[in-house]
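First the structure, in the form of structure tokens, and then the observations on it.
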Amino acid sequence: MNKRKRTITTDVMDNNEVSDIFDSALVDPDILSARLNVLDTGAKILGELGSHAFIHGLLVGGKEISAFSILSGLAADISASFATLMRSGNEYSAAALLRQLVELEYLFFIAYQDKSELGKWLAADGDTLRKQFTPQKMRKKSNGIFSDQEYWTHCDMGGHPNPKARAFLAGESKNMKMAAFLLPDGVHHFRRLWTSVKLLYPILLEDNKSQLEKMSLVSDAIETWEAKEHPLILSFDGMQHAKA
């Protein structure tokens, strides 16, 4: 399928029209497969990158590489589990994992901006983590790229127990099926996380060409998803709206 033009006017569409687009995409087998393939492929390659970085860190030392290996492993586990929960229809549980993925997205982003943050994160005790690596502190370091409201929404829907999360329970959603929004949102966040990983990895392990070649598999999966996804759904990327 050729990549569709992404220019779309959403201000003239009502909620029902938007809901119909998300609902239709959720049951489109090509789109659904492309979304899940991003998460499945991404989790696999992230896990491999993390394992390779762990071994490399043991051989040459370096807190930054060791921190990268841990974060990659965590992101791989969460991405794979998020996809599994979405397949099984456990949206509330998936939303909780998605909030965790967002925080990893922040960590990879600030690490790309300044790789020394990785060493600081690895060496931090509990008190330092709570003071210096809170989601709020990391958003401030992004200089406006990450939105407070976007994160707060993830906290409402998948953080501490909140009445708003009832929308993820069967039969509770009045408009859009929450799964119809949650899955593409998860792929958006993974794509944003992957962008930082792709830029950070060569800085840390620039000579590992075999690993760099593996990373193209994730980029290919993302490009395939972008080509199949509805342009309105692509326009709902949180980072894009944070910049607007």
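Heavy-atom contacts from other residues, nucleotides or ligands closer than 6.0 Å to CD of Gln149 number more than 12. Crowding of Tyr92 atom OH: a count of heavy atoms from other residues, nucleotides or ligands under 6.0 Å exceeding 12. With a 6.0 Å radius and a threshold of 12 heavy atoms from other residues, nucleotides or ligands, Lys141 has its NZ atom above the threshold. Residue Phe54 qualifies as open at atom CZ: its count of foreign heavy atoms under 6.0 Å is 12 or below.
Closest approach of Gly186 and Leu39 over heavy atoms only: O-CD2, 4.3 Å. Of all non-hydrogen atoms in Ala94 and Met86, the two that sit nearest each other are CB-SD, 3.6 Å. Shortest non-hydrogen contact noted between Leu193 and Ala75 is CD1-CB, 4.2 Å. Taking both residues in full, the closest heavy atoms of Ala95 and Leu182 are given as N-CD2, 4.0 Å, listed atom of the first, atom of the second, then distance. Listed here is the closest heavy atom pair of Ala76 and Leu46: CB-CB, 3.8 Å. In terms of heavy atoms, Ala53 sits closest to Ile65 at O-CG2, 3.2 Å.
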Does the pair Phe109 and Phe146 meet the rule for a ring pair (Phe, Tyr, Trp, His ring centres under 6.0 Å), with working shown?
-> CA-CA 10 Å; Phe109 181 82; Phe146 298 118; 5.2 Å; yes

Full working for side chain to side chain contact (heavy atoms under 4.5 Å, CB included) between Met138 and Glu117 = CA-CA 11 Å; Met138 290 190 288; Glu117 294 284 356; over 6 Å; no

Criterion side chain to side chain contact (heavy atoms under 4.5 Å, CB included) on Thr195 and Leu199, from CA distance to verdict = CA-CA 6 Å; Thr195 298; Leu199 294 170; 4.2 Å; yes

Take Phe168 and Ser93, measure what side chain to side chain contact (heavy atoms under 4.5 Å, CB included) needs, and give me the verdict at the end.
-> CA-CA 9 Å; Phe168 286 120; Ser93 298; over 6 Å; no

Kindly determine whether Asn90 and Thr84 satisfy side chain to side chain contact (heavy atoms under 4.5 Å, CB included), including the steps that lead there.
-> CA-CA 9 Å; Asn90 292 299; Thr84 297; over 6 Å; no

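The shortest side-chain heavy-atom distance between His154 and Asp185 falls under the 4.5 Å cut-off. Side-chain contact check for Ser196 versus Glu105: every heavy-atom pair is 4.5 Å or farther apart. The side-chain heavy atoms of Glu150 and Arg139, taken from C-beta on, include no pair separated by under 4.5 Å. Two residues are said to be in side-chain contact when any heavy atoms from C-beta on lie closer than 4.5 Å; Trp194 and Met215 meet this criterion. You'll find the side chain of Leu118 reaches within 4.5 Å of the side chain of Leu204, heavy atoms only. Within the 4.5 Å cutoff, side-chain heavy atoms of Gln113 are placed close to those of Asn143. Residues Leu101 and Phe82 have side chains not in contact (no heavy-atom distance under 4.5 Å, counting atoms from C-beta outward). Side-chain contact between Val38 and Thr224: absent, with no pair of heavy atoms (C-beta onward) separated by less than 4.5 Å.
To the nearest 0.5 angstrom, Ile203 atom CD1 is 10.0 Å from Glu64 atom CD. One finds the CG atom of Leu217 at 8.5 Å from the CD atom of Glu48 (value rounded to the nearest 0.5 Å). In this structure, CH2 in Trp121 is found 5.0 Å from CD1 in Ile70, a value given to the nearest 0.5 Å. For the atom pair CG of Leu85 and CD1 of Ile78, the computed distance is 11.5 Å after rounding to the nearest 0.5 Å. To the nearest 0.5 angstrom, Leu49 atom CG is 12.5 Å from Leu71 atom CG. In this structure, the separation between NZ on Lys63 and CG on Leu122 is 7.0 Å, given to the nearest 0.5 Å.
Defined by atom type and a distance below 3.5 Å, a donor-acceptor pair is present between the side-chain atoms of Asn37 and Thr41. In this model, no donor atom of one side chain and acceptor atom of the other lie less than 3.5 Å apart for Thr153 and Asp156.
By the 4.0 Å N-to-carboxylate-O rule, Arg191 lies too far from Glu229 to be salt-bridged with it.
Distance alone, capped at 3.5 Å, is enough to place a donor-acceptor pair between the Lys137 side chain and the Lys131 backbone. Looking at Ser216, its side chain does come within 3.5 Å of a backbone N or O of Glu213 through a donor-acceptor pair. Checked by atom type and distance alone, the side chain of Ser69 pairs as donor or acceptor with a backbone atom of Ser66 at under 3.5 Å. Judged purely by atom type and a 3.5 angstrom limit, His189 has no side-chain atom pairing as donor or acceptor with the backbone of Arg99.
Classified by interplanar angle (parallel below 30°, tilted 30° to 60°, perpendicular above 60°), the ring pair Phe236/Phe22 is perpendicular. Using bins of under 30°, 30° to 60° and over 60° for the plane-to-plane angle, the ring pair Tyr151/Tyr106 lands in the tilted bin. Using a 30° and 60° split on the angle between ring planes, Tyr201 and Phe68 fall in the tilted class, from 30° to 60°.
Residues passing the salt bridge (charged side-chain N to carboxylate O under 4.0 Å, His left out) test with Glu103: none are found, sequence neighbours excluded.
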